[in-house]
Protein chains: 2
Amino acid sequence: MQHHTKIFSDVPNSAVDWRAKVDFREHATGCPWHDCKTFLRDVGLRPTRQRLLLGWVLFSKGNRHVTADMLYDEALAARIPVSLATIYNTLHQFTQAGLLREISATGGRAYFDTNPSEHHHFLVEDEDVVMDIPEGGHELLVDKVPDAPEGYEIERVDVVVRLRRSGEQIR
Amino acid sequence: MQHHTKIFSDVPNSAVDWRAKVDFREHATGCPWHDCKTFLRDVGLRPTRQRLLLGWVLFSKGNRHVTADMLYDEALAARIPVSLATIYNTLHQFTQAGLLREISATGGRAYFDTNPSEHHHFLVEDEDVVMDIPEGGHELLVDKVPDAPEGYEIERVDVVVRLRRSGEQIR
DNA sequence: ATCCTTGCAAAACGTTTGCACCTCA
DNA sequence: TGAGGTGCAAACGTTTTGCAAGGAT
């Protein structure tokens, strides 16, 4: 809870934006609160105060990469009464509902991406920085996916391009 | 320390095998102990009892993916007197020396691959299974790497193909 | 009224650290 | 002998859990 990941690329992707999702809904009224409620219900989650508010905090700022304690701090800053346990619950429930995507990264903390569509990441491990690989990075990067072994099927392909500051030694 | 990752693909890759490395050395004598000692010295690590024995345990069984506690259990089973702290030290020192490679995976534990060359992994998260993507998987998979952002350069590209058992629902 | 959700504190987990002791060269 | 490796236990940060109280339908 001391130092936070800097996000230096917030590639917008309105297709998976909370507000966009809400707007595309059949019975959208235009009222953010009402729509969010309906939307939460649709993904099978009761629209409780915390989920509504955390959803708002998460999805109202474009695509981002958050950790549990980042979201916790934001929630506190926004005067949302919420416990850390609920933060974790909510992040996992949203992930399960397909609203978030967990990022493959080494290291203690789990990152959640508010853009759950198939795309990949740059990672600067030493600096705790995660950023999207921009535009077309997915198609560009993964050309041919290998067959899954017997009895398994591919769920998704994650690509992490690790970066270091230019000129640094390989240590 | 309770349940362990099953490895179901130990793709052999003698180029990065400890024994092979030792054999390729200039002054290899054929005596595993002597050669390992020399080899450790070459990568800048004092050939202590623990490093020698852990190196042997790690690299004498083909390529594998181990966690700290797996290695700890193996060491205990092999009657190697070692502490968990030393296991962590050794794993990191070996990784830094290029003998091991850490695998990008979500979840608490860190996996170390005894094959440090550029290659990628299948991952079955629910079952704690890691396996190599076989033969040519690297060239096949990553076709075109994006440019690194200003001020950074690419250190490496990790691809993780997540699997689930066939026929399972997306949950 | 019922089930689900939340908050809190405590525990679990993997990992790291501090320091005294020991070992290798 | 001196630099550095090791062991132990305690600290750490993140995440999970158990249970009582609160909220949604």
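All values derive from a computational prediction rather than experimental measurement. Every chain is numbered from 1 and lettered A, B, ... according to where its sequence line falls, protein lines coming before strand lines.
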Between the main-chain N or O of [Y] and the side-chain N or O of [X], is there a donor-acceptor pair closer than 3.5 Å?
X: His92(B); Y: Thr90(B); value: no
X: Thr114(B); Y: Arg64(B); value: yes
X: Ser104(B); Y: Ser104(A); value: no
X: Ser166(A); Y: Gly151(B); value: yes

To the nearest Å, how far apart are [X] [atom1] and [N] [atom2]?
X: Arg109(B); N: dA12(C); atom1: CZ; atom2: C1'; answer: 12 Å
X: Tyr111(B); N: dG14(C); atom1: OH; atom2: C1'; answer: 12 Å
X: Ile103(B); N: dG14(C); atom1: CD1; atom2: P; answer: 17 Å
X: Tyr88(A); N: dC8(C); atom1: OH; atom2: C1'; answer: 15 Å
X: Arg41(A); N: dT5(C); atom1: CZ; atom2: C1'; answer: 15 Å
X: Gln96(A); N: dC4(C); atom1: CD; atom2: C1'; answer: 15 Å
X: Leu40(B); N: dT23(C); atom1: CG; atom2: C1'; answer: 15 Å

**Q.** side-chain contact (heavy atoms from CB on, under 4.5 Å) partner of His65(A), the single match among Met70(A), Arg101(A), His121(A)
**A.** His121(A)

(Q) I'd like to know if Arg164(B) pairs up with Glu153(A) as an ion pair, taking the criterion as any Lys NZ or Arg NE/NH1/NH2 lying under 4.0 Å from an Asp or Glu carboxylate oxygen. (A) yes

Q.
I need the minimum non-hydrogen distance between Phe94(A) and Gly55(A), along with the two atoms involved.
A. CE2-CA, 3.7 Å

Q: Note the angle between the end axes of the helix from dA1(C)-dT25(D) to dA25(C)-dT1(D), five pairs defining each, rounded to 10 degrees.
A: 30°

Q) How many angstroms lie between OG1 in Thr67(B) and OH in Tyr111(B), if you round to the nearest 0.5 Å? A) 6.5 Å

Q.
Which residues pass the side-chain hydrogen bond (donor to acceptor under 3.5 Å, both in side chains) test with Glu125(A), not counting sequence neighbours?
A. Arg162(A)

Q | Base-contact (B) and sugar-phosphate-only (S) positions in nucleotides 3-9 of chain D, heavy-atom cut-off under 4.0 Å, - elsewhere | A | BSSSBB-

Q. Quick one: is dT15(D) close enough that its OP1 or OP2 comes under 4.0 Å of any side-chain N or O from His92(A)?
A. no

